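Take a look at the structure below.
Keep in mind the model is a prediction, meaning the values are calculated, not measured. As a basis for the values below, the full set of heavy atoms in this structure was taken, side chains included, without hydrogen atoms, waters or symmetry mates.
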Amino acid sequence: MEALGPEAWQAVALSLRVSLVATLASLPLGLLAAIALARGRFPGRGLLNGLVHLPLVLPPVVTGYLLLMTFGRQGPVGAWLHDWFGITLAFRWTGAALAAAIMAFPLLVRAIRLAVEAVDPRLESAAATLGASRVRVFLTITLPLIAPGIVAGAVLAFAKAMGEFGATITFVSNIPGETQTVPSAIYAFLQVPGGERAALVLVGISIAIAMAALAVSEWLGARVAARIREG
């Protein structure tokens, strides 16, 4: 570990921060989008499905460029955020979190959508016929049943956010201590002579974090499944 200096450890800490914020911030919207795509029948559903999955098929650099054009200081949304709220996303760690959230969003929605589609609608209908409101049906029937899917989607989103590079470096650049995440740091180390060892250590750290996230996901999934069976 002596191969890593303070800047590299800052990149690890920032990656964890960015990934966690990206995952938590995208969860509510991801849940709504998944339910809408799984159960909704409305005009524009195909368009919504295409927009949700667009980051999967676009080159990450294109996504980053679109973010820069939209949320940069001169972009329509970025200029509005800066002028009215003093918020700047481009070349800030918050912009890295936004880029990571957008790139991870399709995986999050897909996992939750599959879980929603697996729920038998007759269970929800039976609860509704007994007088339960739609909110109560969702909280007591649907949400517990799709909880494993939510956990799986969150872990996938976290892992994707940890590994995001193209959109992030295009939107927020590679500024040590501010926007340099682990993938950006690995790339920077590989550009200088003798940086291979530090890059390899960061690769090992990335693998360890990913394995830990998977282990936590399995543990949480087992806990949730056990509680559902007991209920």
Side-chain angles (χ1 to χ4, degrees), residues 4-27 29-30 33 51-79 81-82 87-111 153-192 195-196 198-210 212-213:
L4 296 184
E7 286 186 358
W9 286 113
Q10 284 180 342
V12 174
L14 182 62
S15 284
L16 291 171
R17 183 183 186 186
V18 164
S19 301
L20 185 60
V21 169
T23 302
L24 294 178
S26 58
L27 259 177
L29 187 58
L51 290 174
V52 166
H53 291 90
L54 193 60
L56 279 181
V57 295
L58 279 179
V61 174
V62 173
T63 302
Y65 180 74
L66 292 175
L67 287 173
L68 186 61
M69 292 297 98
T70 305
F71 292 94
R73 286 285 296 273
Q74 305 303 319
V77 178
L81 288 174
H82 181 266
I87 298 174
T88 301
L89 295 175
F91 309 108
R92 300 287 190 274
W93 78 267
T94 48
L98 174 62
I102 289 175
M103 294 302 296
F105 195 70
L107 299 178
L108 174 69
V109 172
R110 181 64 178 169
V155 172
L156 285 173
F158 180 85
K160 175 63 176 175
M162 277 290 298
E164 172 50 38
F165 175 70
T168 301
I169 200 170
T170 305
F171 182 37
V172 299
S173 190
N174 185 12
I175 307 170
E178 178 63 37
T179 65
Q180 188 178 72
T181 58
V182 168
S184 301
I186 293 173
Y187 174 79
F189 278 128
L190 291 177
Q191 304 309 302
V192 298
E196 293 84 0
L200 183 60
V201 174
L202 283 178
V203 168
I205 292 174
S206 300
I207 294 173
I209 292 174

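- The 12-atom threshold is exceeded at CD of Q191, counting heavy atoms of other residues, nucleotides or ligands nearer than 6.0 Å.
- The two residues F158 and A213 have their closest heavy-atom pair at CD2-CB, 4.2 Å.
- T170 approaches G166 most closely through the heavy-atom pair OG1-O, 2.7 Å.
- Taking all atoms of both residues into account, the shortest heavy-atom contact from A111 to L156 is CB-CD1, 4.4 Å.
- Here the shortest heavy-atom pairing between A199 and F189 reads CB-CB, 4.0 Å.
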What side-chain donor-acceptor pairs closer than 3.5 Å can you find for residues 173-180, not counting sequence neighbours?
| residue | atom | partner | partner atom | Å |
| --- | --- | --- | --- | --- |
| N174 | OD1 | Q180 | NE2 | 3.1 |
| N174 | ND2 | S184 | O | 3.4 |
| E178 | OE2 | W93 | N | 3.2 |
| T179 | OG1 | V172 | O | 3.1 |
| T179 | OG1 | S173 | O | 3.3 |
| T179 | OG1 | I175 | N | 2.9 |

Can you list, pair by pair, the side-chain donor-acceptor contacts under 3.5 Å of residues 98-106, counting residues two or more places apart and other chains?
none

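- Without hydrogens or angle criteria, T70 side chain to L67 main chain gives no donor-acceptor distance under 3.5 Å.
- For the side chain to side chain donor-acceptor pair (under 3.5 Å) condition, no pair includes a residue of residues 158-167, sequence neighbours left out.
- Across every non-hydrogen atom of L202 and A8, the tightest pair is CD2-O, 4.3 Å.
- Applying the ring pair (Phe, Tyr, Trp, His ring centres under 6.0 Å) test to F91 and every residue at least two apart in sequence or in another chain returns nothing.
- Here the side chains of T94 and F71 are not in contact, with every heavy-atom distance at 4.5 Å or above.
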Tabulate below the donor-acceptor pairs under 3.5 Å that side-chain atoms of residues 12-22 make, not counting sequence neighbours, or state none.
| residue | atom | partner | partner atom | Å |
| --- | --- | --- | --- | --- |
| S15 | OG | A11 | O | 3.1 |
| S15 | OG | V182 | N | 2.7 |
| S19 | OG | S15 | O | 2.8 |
| S19 | OG | M162 | N | 3.2 |

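- Sorted by first and then second residue, the pairs that involve residues 53-69 and meet side chain to side chain donor-acceptor pair (under 3.5 Å), not counting sequence neighbours, are N49-H53.
- Taking 4.5 Å as the limit, some side-chain heavy atom of L56 sits within range of a side-chain heavy atom of L107.
- With rounding to the nearest 0.5 angstrom, the CG atom of L89 is 11.0 Å from the CG atom of L68.
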